[in-house]
Amino acid sequence: VTNDTAAPVAGPRRRIPAVRSEGTGSRGSRVLGIVTLVGMGALLLFGLVLSPEDPGPSQMGDGVRIMYMHVPVAIIAGLAFGVTALGSAMYLWKRSEFWDLTAAASAEVGVVLTVLTLATGMIWGQFAWGTWWVWDARLTSTALLVVLFLGYLAVRRLQGPREQRSKRAAIAGLIAFVDVPIVHFSVDWWRSLHQPATISRLDPQIDGLLLFTLMLGMVVFLLAYWWLMIHRFRVQLMESRLEEQGLDLALSARRAEAETTRPVNETTGSVGATAAGIAR
Amino acid sequence: VLHDALLVAGKDLRLEARSRVTTNLVAPFAFMVLLLFAFALDPDSGTLTLATPGLFWVTVLFAAQLAIQRAFAVESADGTRDGLRLSGLDPAGVFLGKAGAIALQLLVLELLLAFGVAVLYDAPLGGPVLLVATASVATLGVAAAGSLYGVLAAGLRIGATLLPLLLLPVVAPVLIAATQAFVAAAEGTPGEGWRWFGLLAVFALMYITFGIFAFESLLEES
């Protein structure tokens, strides 16, 4: 039995950061977390207080403020799925655990961000169009994207030896990813047959403070993505270590137990009960 | 590769000819779905006739789940998969053979369904060239993507539950495109229809290419 929880079994060792047993935090991730929190505070301040109401002709007023979250979250969700595809392809090439776990962590965070995109988009839709859902091309393809990558996460949870699961997941990630442009085009054409695109692009002559707040949102949510990635990556690394060593640990624990309780177990009744328990 | 594909497809079609699973189970299921749609959408209101292209393709996708599951269930029993790998057949050939056999069975099923909707839903069938071309490429795409996921989910305890979740979002564009092409054919605007046909062809080509390269890893590993 080894107690070296950081020893990687598969993949080059240098790519796997050491994991401390007390948690997934490290000094770097804590600093990043604090910076992200401060950024969130600043984004709230700029988004809700300092930035003006929408001065444009669309008369959105305060409703425009949700864009400071919606737009960055949507863009970073796309980035997250891109990282998943990259991680999947790199895993098939390099066969390193690092890329496998990167793909997994990014898909998880990506699904959360995509659901947030849908939620904020729907709130905006209720505000702007008076309805929670329209069959807009972007809303529809975003909804499909969520299900696509939920399927990918389901594949990740399938049983089997570790190498097999990683390879299967990598291929499933790529199958899902190559579908994204097709989904985009089909839904785009489908809706454009019936009605023009409903979401207009942001005004290019955007007010300075609005633009700054939007950029701040981008940076803050990028930091949040990075922070979540670090933690999800480390949790998955620890899970896979635990899986590799879990049986050994359990065996040695049972053996140690047997050593101490042997005299009691030697009575026939107890043995019979144990045998019955196993048979059951 | 082609020779291997024909061997595998021939084996699957012989299996079907002897066991009649698609004929006796999947086809009646598809017919039942047609009846269910009529119960759900009042047949007197004309909704059924209007919605026929979409309902047709939804039925095909449901039936495809069963056909794909069946095609890979026969490979996971009795260590057939190891036999396939030991046989020295090219994995790309195995993929093309499996997908081809599934596509052929689905095409026959679609022919039956077309008669079904023509009779039951009083659906107008126009533009036969566009209809046949659309059905062919759409079916190829579904069979190719389905074979990839089919082999991935085969032999797993939750495979049967997993396959629809994996496959349906991926083939959602096929449903949209094939439905729109059928609508275009019925409305006599084939120009629109051929554009959708193009998208379906890209989809089919993409997943056939993907399968040719990725099937070996999937066959080995799962």
Side-chain angles (χ1 to χ4, degrees), chain A residues 10 81 85 88-89 91-93 95 100 107 111 114 135 137 140-194, chain B residues 54 138 141 144-159 161-181 183-184 187 189 192 195-196 198-207 209-211 213-222:
Chain A
F81 291 138
S88 301
Y91 175 79
L92 289 178
W93 183 27
R95 297 290 152 123
D100 181 41
V111 166
T114 315
W135 290 97
T140 312
S141 44
T142 310
L144 269 177
L145 203 63
V146 172
V147 191
L148 261 179
F149 279 88
L150 280 179
Y152 168 78
L153 291 180
V155 169
R156 289 212 69 98
R157 282 192 298 271
L158 292 176
Q159 74 271 29
R162 148 144 224 103
E163 289 248 328
Q164 175 189 331
R165 274 180 308 173
S166 305
K167 200 164 165 184
R168 199 159 50 192
I171 294 176
L174 287 178
I175 299 177
F177 187 74
V178 294
D179 203 38
V180 171
I182 297 266
V183 166
H184 176 80
F185 278 116
S186 62
V187 174
D188 235 29
W189 288 356
W190 176 52
R191 289 321 295 173
S192 61
L193 285 180
H194 301 264
Chain B
S147 298
L148 282 169
Y149 277 135
V151 70
L152 197 143
L156 294 168
R157 238 172 303 159
I158 59 158
T161 324
L162 185 63
L163 187 63
L165 171 66
L166 292 179
L167 188 56
L168 288 178
V170 169
V171 296
V174 174
L175 176 63
I176 295 176
T179 302
Q180 294 301 328
V183 168
E187 286 174 353
T189 50
E192 279 291 329
R195 192 165 76 138
W196 289 109
L199 190 75
L200 287 168
V202 170
F203 181 92
L205 265 180
M206 208 168 71
Y207 279 103
T209 316
F210 198 98
F213 288 108
F215 205 69
E216 184 171 11
S217 322
L218 283 173
L219 200 60
E220 266 173 27
E221 290 289 336
S222 30

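Fair warning: this is a prediction, and the values are worked out from it, not measured in the lab. Order of the sequence lines sets the chain letters (A, B, ...), proteins ahead of strands, with each chain counted from 1.
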Would you mind reporting whether [Y] and [X] have side-chain heavy atoms less than 4.5 Å apart?
| X | Y | value |
| --- | --- | --- |
| V202(B) | F185(A) | no |
| S166(A) | Y91(A) | yes |
| V187(A) | W135(A) | no |

Checklist entry - Between V178(A), I175(A), L158(A), which shows the greatest number of heavy-atom pairs under 4.5 Å with chain B? => result I175(A)
Next on the checklist: At a heavy-atom distance under 4.5 Å, which candidate from V180(A), L150(A), V155(A) has the highest pair count against chain B?
Outcome noted: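 Maximum pair count with chain B is reached by V155(A).
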Proximity breakdown for [X] and chain B, heavy-atom pairs closer than 4.5 Å:
| X | answer |
| --- | --- |
| A172(A) | both |
| I171(A) | both |
| L92(A) | neither |

What part of [X] gets within 4.5 angstrom of chain A, counting heavy atoms only: side chain, backbone, both, or neither?
| X | result |
| --- | --- |
| I158(B) | side chain |
| A177(B) | neither |
| F203(B) | both |

Checklist entry - Is the F81(A) ring parallel, tilted or perpendicular to the F149(A) ring (thresholds 30°, 60°)? => result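 Geometry flag for F149(A) against F81(A): parallel rings.
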Checklist entry - Is any side-chain N of the basic residue among K167(A) and D100(A) closer than 4.0 Å to the acidic one's carboxylate O? => result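 No salt bridge links K167(A) with D100(A).
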Item to check | Taking every non-hydrogen atom, the tightest pair across P169(B) and D179(A) | outcome: O-OD2, 3.5 Å
Item to check | Contact leader toward chain A among V171(B), L166(B), V170(B), where contacts are heavy-atom pairs under 4.5 Å | outcome: V170(B)
Item to check | side-chain contact (heavy atoms from CB on, under 4.5 Å) evaluation trace for W189(A) with W196(B) | outcome: CA-CA 9 Å; W189(A) 288 356; W196(B) 289 109; 3.3 Å; yes
